[in-house]
K.L.:
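Have a look at this one before I ask anything.
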Amino acid sequence: MNRWLIPLLLLALLLLSAISLLAGTIWLSPAETLAALLNPGPDLIELAITEVRLPRLVLALLVGGILGLSGAVLQGLLRNPLAEPGLLGVSSGASLGAVIALYYGFAAGFTLATPLFALLGALSTISIALLLSRSGGTLSLILAGVAVSTIASAGVSLALNLAPNPFAAYEIMTWLMGSLSDRSWEHVALAAPFILLGGLLLLLTAPALDALTLGERQAESLGVDLGRTRLLALFGTALGVGAATAVTGAIVFVGLVAPHLVRPLVRHQPGAVLVPAGLVGAIIVLAADIATRLLRVGPEIKLGVFISVIGAPFFLWLVLHLRKTSP
Amino acid sequence: MIRLREVRVERGGKPVLQGVNAGFGAGRLTVVVGPNGAGKSTLLDVAAGLLKPSAGRVELDGADISSLSLKELARRRAYLPQSPRVDWAISVERVVALGLTSRLPAFGALPAVWRPRIDSALERLDLLHLRERPATQLSGGELARVMLARATVGEPEILIVDEPTAGLDPRHALDAGRRLRALADAGCTVVVALHDLDLALRIADEAVAMKDGHVAAEGPAEDIFTDDVMAALYDVPARVRRDSDGASIRFLG
């Protein structure tokens, strides 16, 4: 199983990617799509492929991948099966940044203002959480993250409450729901460098996560630099998930769920969970994005909402399941 | 050989170790004994190089232990904390392989050259039949053996163990004691904090008696496990009895 896991996940991802390019309000044939990809031109179908569906596909892969990867790293680092990027305030920090950009109208003047502010928000919250928990251990990091996250969420609520007009409130709400529609290559160019750099930092934690299975004390005695591991994991998450949230809005549950789906398949080894969890994260986001495009019953269902609706029951199952298996 | 010189450790401004001098020699099994809160675990952490003393120094074969890199130190000394646990359901074999963390490449599978080491560690501790079992599904005695295999798979020069027999029944406690004794006999420096004084009497070459953050007494085990030293250490009248079954300590409260 182990040897085939990654190739199988890649195959699934490839199939979904193909469907993602073909599917939508206008269904395209594989021949048309291939021709558009190989020989991009100015006609409508070709533009739909290269300027609409392709950037959307690339973003879905990057965002899903980094969410799954960072969830796996945080669960390993905190040795807590319920850890996910949102726990440390990355998502709510990014949301607050984006809301500030929308609220004060920066977004109206400059399209990329929202993602840039969101990225800044994510980096600030994680830095504050890290500073607050500098002298403590894992638990104080979680508590600091929850506290900072709560403050950021309060800021978002306040902005909604004080919104100058219904349109501003609507815009904020829509952004918070998380979506991949109307995203362009500009968004990809903004997010990709941060997501790739964040992903690299996160992957470097793999050997330390394995040793952390035995607890922090034993991991340290085995030569693991805990401070370095924590910095890699947190800044990798802040950069990667911050940039992802910045361009798509809040997408929850992927980081929580993806590691759990692959863990039994890699025999629970925390370092080996990382890459497959990233692939499964990408599969979830891509599949959900395709589903939101095809399920048209009235207004568009936002990606973030769709994943929450599917993810919440899974979360419930997870809590019940963990209660049964944990000592 | 580990030597602590005038070591002082503070926690929250209060001293938990003060003016501690102690030495742990190669091929010797040293037990660290003393009442709760005496500073035994802190002493072990300092000796393992995991806790930096606020004053004094710790030497490993004459060199300051803080001058060694984390990896270098991990290759030379193994450390087992009190009540170790495994947080994910990884296999016993994987847990043992983690003992080689400092020697493995950062990525990829376990290199074939280390397989025989892992096999022999599993065999030495009678774990071959458990190698595929998730480490979260072991009994206390089995987990203690797995942890000992994890600690010794890299064949360290120094083994530091905090309360290896906590929660073990007499048979498994004796078994753990025998295995530590065998390691010392093979040339390893073994330092063990123990509450089980009868077991300490049975396996120790040397003893360090700790009280209130000080070394109350240090020396060959037979000089430390005496009525007077034990009574002063635990503030309870004590009798050390030696007969044909071995030695035991009785406290007369």
Side-chain angles (χ1 to χ4, degrees), chain A residues 2-3 5-6 72 75-83 135-136 138 200 202-229 232 259-260 262-275 277 321-322 324-327, chain B residues 12 41 44-45 48-51 68-110 132 134-138 143 146-147 150-151 153-154 156 158-162:
Chain A
N2 223 331
R3 197 185 328 156
L5 180 63
I6 290 179
Q75 290 178 6
L77 176 76
L78 304 174
R79 283 165 296 128
N80 188 327
L82 297 180
S135 54
T138 301
L200 182 70
L202 290 173
L203 284 174
L204 290 176
T205 62
L209 297 184
D210 282 342
L212 271 169
T213 307
L214 303 175
E216 297 193 351
R217 216 82 188 106
Q218 284 201 73
E220 256 184 308
S221 83
L222 288 168
V224 168
D225 187 339
L226 278 184
R228 177 177 164 271
T229 307
L232 283 173
H260 286 285
V262 295
R263 191 164 284 126
L265 305 176
V266 297
R267 312 198 63 200
H268 299 265
Q269 201 191 326
V273 173
L274 305 191
V275 174
H321 180 73
L322 284 176
K324 241 185 298 171
T325 56
S326 60
Chain B
S41 295
L44 260 50
D45 284 356
L50 293 170
L51 183 65
L68 297 174
S69 74
L70 286 172
K71 286 227 149 125
E72 163 88 37
L73 192 56
R75 267 175 230 152
R76 298 182 60 183
R77 77 85 186 87
Y79 165 86
L80 278 182
Q82 208 169 329
S83 351
R85 47 173 293 179
V86 180
D87 281 316
W88 302 107
I90 60 175
S91 68
V92 164
E93 187 185 47
R94 264 281 150 199
V95 174
V96 175
L98 285 176
L100 297 168
T101 298
S102 60
R103 299 160 199 247
L104 297 182
F107 290 96
L110 193 69
E132 297 298 327
T136 44
Q137 295 171 16
L138 298 172
L143 184 62
V146 170
M147 286 298 167
R150 195 287 283 156
V153 66
I158 299 150
L159 176 64
I160 297 176
V161 192
D162 198 353

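Within every chain, numbering begins at 1; the chains are lettered A, B, ... in the order of the sequence lines, protein sequences first and strands thereafter.
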K.L.:
To the closest 0.5 Å, what do you measure between CG (B:Asp87) and CD (A:Glu216)?
P.N.:
10.0 Å
K.L.:
Check each atom of B:Gln137 against the heavy atoms of chain A and say whether the ones under 4.5 Å are side chain, backbone, both or neither.
P.N.:
neither
K.L.:
Give the minimum heavy-atom separation between A:Leu214 and B:Val86, together with the two atoms involved.
P.N.:
CD2-CG2, 4.0 Å
K.L.:
Please report the closest heavy-atom contact between A:Ser221 and B:Ala74, naming both atoms and the distance.
P.N.:
O-CB, 3.4 Å
K.L.:
I'd like to know if the side chain of B:Arg75 and the backbone of A:Gly223 have a donor-acceptor N/O pair within less than 3.5 Å.
P.N.:
no
K.L.:
Counting heavy-atom pairs closer than 4.5 Å to chain A, which one of B:Ala89, B:Ser102, B:Ser69 comes out on top?
P.N.:
B:Ala89
K.L.:
Among the options A:Gly271, A:Ala272, A:Pro264, A:Pro270, pick out the one with the most heavy-atom pairs lying under 4.5 Å from chain B.
P.N.:
A:Pro270
K.L.:
Can you tell me which portion of B:Ala48 sits under 4.5 Å from chain A's heavy atoms? Options are side chain, backbone, both or neither.
P.N.:
neither
K.L.:
Give the minimum heavy-atom separation between B:Ile90 and A:His268, together with the two atoms involved.
P.N.:
CG2-O, 3.4 Å
K.L.:
Considering only heavy atoms, which portion of B:Leu73 lies under 4.5 Å from any heavy atom of chain A: side chain, backbone, both, or neither?
P.N.:
neither
K.L.:
Among B:Leu100, B:Leu98, B:Thr101, who wins on heavy-atom pairs under 4.5 Å with chain A?
P.N.:
B:Leu98
K.L.:
Can you name the nearest heavy-atom pair linking A:Thr213 to B:Trp88, along with the distance?
P.N.:
CG2-N, 3.8 Å
K.L.:
For each of A:Arg267, A:Gln218, A:Glu220, tally heavy-atom pairs with chain B at distances under 4.5 Å, and name the one with the top tally.
P.N.:
A:Gln218
K.L.:
Taking the side chain as every heavy atom from C-beta outward, state whether A:Arg217 and B:Tyr79 have any pair of such atoms under 4.5 Å apart.
P.N.:
yes
K.L.:
Would you mind reporting whether A:Leu222 and B:Arg150 have side-chain heavy atoms less than 4.5 Å apart?
P.N.:
yes
